[in-house]
Amino acid sequence: MNFLTPLMEKPWEQAGSPQQQDLGREHTRKAGLRLLLAVVSVLFALFIVAFLMRSQYPDWQPLAETSNNPLFNKSILWLNSLYLLAASICLQVAKANARRQNRLFLRFGLILAGLFSAAFVTGQLMFWQQLYQQGFVVNANPALSFFYIFTGLHAVHVGIGLLAWLGALAAMLRNSPKLSQYVDLCATYWHFLFGLWLVLFALLVSKPETYNAIVEFCGLGA
Amino acid sequence: MEQEVDHEMHEPSSFFTKYVWSQDHKVIAIQYSVIAILVGIVALVLSGLMRLQLGFPGSFDFIDPSAYYQFVTMHGMIMVIYLLTAIFLGGFGNYLIPLMVGARDMVFPFVNMLSVWFYLLAVIVLLSSFFVPGGPTGAGWTLYPPQAILPGTPGSDWGIILMLVSLAIFIVAATMGGLNYVTTVLQARTKGMTLMRMPLTVWGIFMATVLALLAFPALFVSALMMLFDKTLGTSFFMPAILSMGQQLDHEGGSPILFQHLFWFFGHPEVYIVALPAFGIVSDLISVHARKNIFGYRLMVWAIIMIGVMSFVVWAHHMYISGMNPYFGYFFATTTLIIAVPTAIKVYNWVLTLWHGNIHLTVPMLFALGFVSTFTIGGLTGLFLGNVVVDLPLSDTYFVVAHFHMVMGVSPILVVFGGIYHWYPKMSGKMLHTGLGKLHFWGTFLGTYMIYFPMHYLGVLGVPRRYFAYENYDFIPDSAKDLNAMISVMAIFVALVQLIFLFNLVWSLFKGKPAGDNPWEATSLEWQTETTPPGHGNWGKHIPICHRWAYDYSVPGYEQDFLPQNFVDHKKVGEL
């Protein structure tokens with residue numbers, strides 16, 4: 001099982017010559033990142049469970065059923081999703097070109113990824129503002145409270161990613177040999193963020209029947 | 001034979017980089033421990049104040065019901081999270097993991113440094129709640145909504161907000177530390193240090209860290225959602241409710257949802273504290289009985305088993321909250337099953353002692369004290385794990401006695417034992433033995449005098465969480481005398497801790513020099529070139545591990561212990 005391989009590894013076999021030692025360090029960073037992603041997944045999974053359990057109470061109001069629901073018009077959210085997808089693709093391009101030693105594509109990919117992510121966060125904030133102006137405030141209904149928590153917490157994680165991105169940018173300006181490693185780690189993190197956003201997005205705009213079915217299937221009611 | 005590795009060692013030079021903004025795991029460990037002990041003293045004083053009220057009701061004007069509940073809440077929260085969790089993972093984990101697995105440091109030293117500073121921030125935010133209007137929260141350490149955030153509960157204006165914010169910061173700190181401990185164990189072990197050769201201390205801390213990484217998010221979720229309910233008027237946990245005659249804006253929320261989230265964190269938390277204690281005790285018993293640990297593999301699997309099981313027992317804290325009877329049946333069953341691996345560990349400790357060459361050193365005394373208190377506390381856990389027995393006992397002092405024995409006194413005895421054991425490595429000086437024995441007997445007998453009678457109070461039906469016990473016909477006068485005695489003992493035990501603090505400081509300057517390996521132990525932390533170990537731990541060469549950590553009294557050898565990096569030239573092809 002792939003998941004259990006870290007347990008079987010003999011880390012000292014990665015040590016030795018200077019190159020190998022550097023490889024070992026990269027391996028360690030990757031392991032650390034995977035572990036972090038596992039923790040973040042647990043965090044959001046628990047939020048989702050709380051969301052589903054709360055959706056079973058009688059005062060629940062769906063977010064995207066009728067035209068007077070806050071998320072009925074999803075165009076801004078779709079656009080934001082595209083930004084995040086673009087950021088993810090840019091990092092993938094940068095990562096591929098880092099291996100091929102293509103500096104131009106690497107640099108472009110890295111810079112564009114940051115800009116797209118910033119656009120994503122800005123877009124989410126604009127959507128918040130729009131909701132706020134329509135009177136859809138955080139305590140208007142429970143589903144909306146969850147919407148703010150989910151999008152806010154997700155944006156915070158994008159923000160943390162942008163800090164790491166700044167580190168990669170600094171490595172690029174210094175021409176550091178560690179750049180390709182950093183880009184690699186950023187790419188993994190961004191793919192995860194994009195996937196996570198899709199899950200949250202899908203969950204928030206689903207029909208109440210979907211929630212009921214999931215709750216029924218997982219036995220979360222009672 | 002040692003492994004040569006080029007390693008850039010940037011030895012810090014200034015005072016600030018060496019002792020304050022340090023990235024060295026040993027300094028960070030000591031920072032964690034000192035903060036934890038200081039905040040623990042606050043919690044100890046709070047418990048003394050509580051006992052003054054319970055033992056001598058009405059004699060102290062400054063303790064009103066609000067103050068009493070604030071003492072209870074802060075005492076519980078600080079002891080469980082800010083003292084025990086922090087000192088086992090941040091203190092012992094930081095100090096011992098790299099040394100025991102033969103690494104030069106944690107794998108992410110900068111993140112490790114951030115971890116301790118976030119922890120300090122969390123403690124400052126928590127303690128600042130003593131100085132805000134209304135004081136700290138008095139909601140009980142479980143912080144159940146709706147009462148936790150409603151007016152009428154002490155500290156419902158500022159105290160609860162600061163508590164929730166502090167918990168969130170603590171969780172960030174614990175996660176940053178936890179990523180380090182797990183990755184270090186998986187990735188930075190020295191040559192030959194297979195997982196099944198690691199000392200049980202590392203196993204215990206490792207598994208506890210995994211639990212912390214998976215369980216703390218649940219506390220984060222509940223803290224964040226409650227913070228929203230409190231400050232933004234959402235209704236995650238808040239039902240429609242009348243407060244002081246007024247209809248509040250909340251409606252439809254579920255307090256039970258909070259309880260599920262809280263205990264999904266709260267029960268693994270018990271094992272986050274217990275597993276490191278199990279690991280450390282195993283090593284203390286083996287070293288000081290000069291005998292290999294009995295059933296090493298089973299001990300490892302028991303740790304793993306307990307870790308996994310700890311996630312499916314949480315609702316046994318909620319029997320009286322009301323739930324589907326089948327759920328109660330399920331959780332009672334899992335609760336009884338988790339006793340099996342735990343009992344295996346107790347048998348193995350006893351069997352390790354059997355026919356051992358027992359040295360009654362101070363660490364050994366604490367380890368033996370742990371086995372005793374843990375067994376007693378664990379047995380009453382079997383009572384409470386059954387729904388029908390739990391229902392009448394749940395709101396009585398029986399529960400207070402149970403959890404203080406099993407997760408208050410037991411782990412703290414291990415903390416003391418661990419400090420007496422590793423202080424020589426950390427400081428280069430031995431702690432004073434006579435003072436140590438005085439400290440042990442005072443603490444051990446004193447805590448028994450406190451908690452053993454509490455079981456009887458509980459069976460009498462004396463309710464817990466009450467501020468005063470006047471005018472209840474079913475509580476006999478003798479219970480009040482017993483309460484007074486318990487309070488006297490509590491203050492006695494608190495005072496005994498002064499001996500320990502004095503010993504810590506005094507020995508640092510006047511203690512006997514310890515040498516590199518005063519207990520003649522096998523694990524790698526005792527094989528460093530210098531004591532205390534220098535920056536990078538191992539000088540030029542990283543040790544290579546050739547054997548498990550429990551080669552004591554091996555037949556055919558002159559010395560009664562074989563260090564993990566000992567090479568036996570008589571045997572060919574070892575490793």
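Lettering of chains follows the sequences in order, A, B, ..., and the numbering in each one begins at 1.
Interatomic distance, A:Leu36 CG to B:Thr175 OG1, rounded to the nearest 0.5 Å: 8.5 Å. Rounding to the nearest 0.5 Å gives a distance of 14.5 Å between OG1 of B:Thr183 and NZ of A:Lys30. Atom OG of residue A:Ser145 and atom CZ of residue B:Phe236 lie 4.5 Å apart, to the nearest 0.5 angstrom. The CZ atom of B:Phe220 sits 6.0 Å away from atom CG of A:Leu43, with the distance rounded to the nearest 0.5 Å. A distance of 14.0 Å separates CG of B:Leu179 from CZ of A:Arg34, quoted to the nearest 0.5 Å.
With a 4.5 Å cut-off on side-chain heavy atoms, A:Val49 and B:Val221 do not count as touching. Residues B:Ser235 and A:Arg54 form a side-chain contact, since some pair of their non-hydrogen atoms from C-beta on lies under 4.5 Å apart. Looking only at side-chain heavy atoms (C-beta outward), A:Leu46 and B:Phe264 come within less than 4.5 Å of each other. Residues A:Phe146 and B:Thr234 fail the side-chain proximity criterion, which asks for heavy atoms closer than 4.5 Å.
At a 4.5 Å heavy-atom cutoff, A:Leu144 makes no contact with chain B through either its backbone or its side chain. Looking at B:His250, there are no atoms closer than 4.5 Å to chain A (heavy atoms on both sides), in backbone or side chain. If you measure heavy-atom distances from A:Phe44 to chain B, you find no contacts under 4.5 Å at all. With a 4.5 angstrom heavy-atom cutoff, B:Thr194 touches chain A via backbone and side-chain atoms both.
For B:Asp249, the salt bridge (Lys or Arg N to Asp or Glu O under 4.0 Å) test picks out no residue, with sequence neighbours left out.
Within 6.0 Å of atom CD in B:Gln247, more than 12 heavy atoms from other residues, nucleotides or ligands are found, so the atom counts as buried in its surroundings. Residue B:Trp301 qualifies as open at atom CH2: its count of foreign heavy atoms under 6.0 Å is 12 or below.
Minimum heavy-atom separation, A:Ala50 to B:Leu261: CB-CD1, 4.3 Å. What you find for B:Ser254 and A:Tyr57 is that their closest heavy atoms are OG-OH, 2.9 Å. A:Asp59 and B:Glu251 make their closest contact through OD2-O, 3.1 Å (heavy atoms, listed as atom of the first residue, atom of the second, distance).
At a heavy-atom cut-off of under 4.5 Å, chain B is reached by A:Val138, A:Asn139, A:Pro142 from residues 133-142 of chain A, listed in order of number. Residues of residues 204-215 of chain B that come within less than 4.5 angstrom of chain A, heavy atom to heavy atom, are B:Leu213, B:Leu214 in numerical order. Listed by sequence position, B:Val107, B:Phe108 are the residues of residues 106-115 of chain B in contact with chain A, using a 4.5 angstrom heavy-atom cutoff.
Heavy-atom pairs under 4.5 Å with chain B were tallied for A:Val40, A:Leu153, A:Val39; the largest tally goes to A:Val39.
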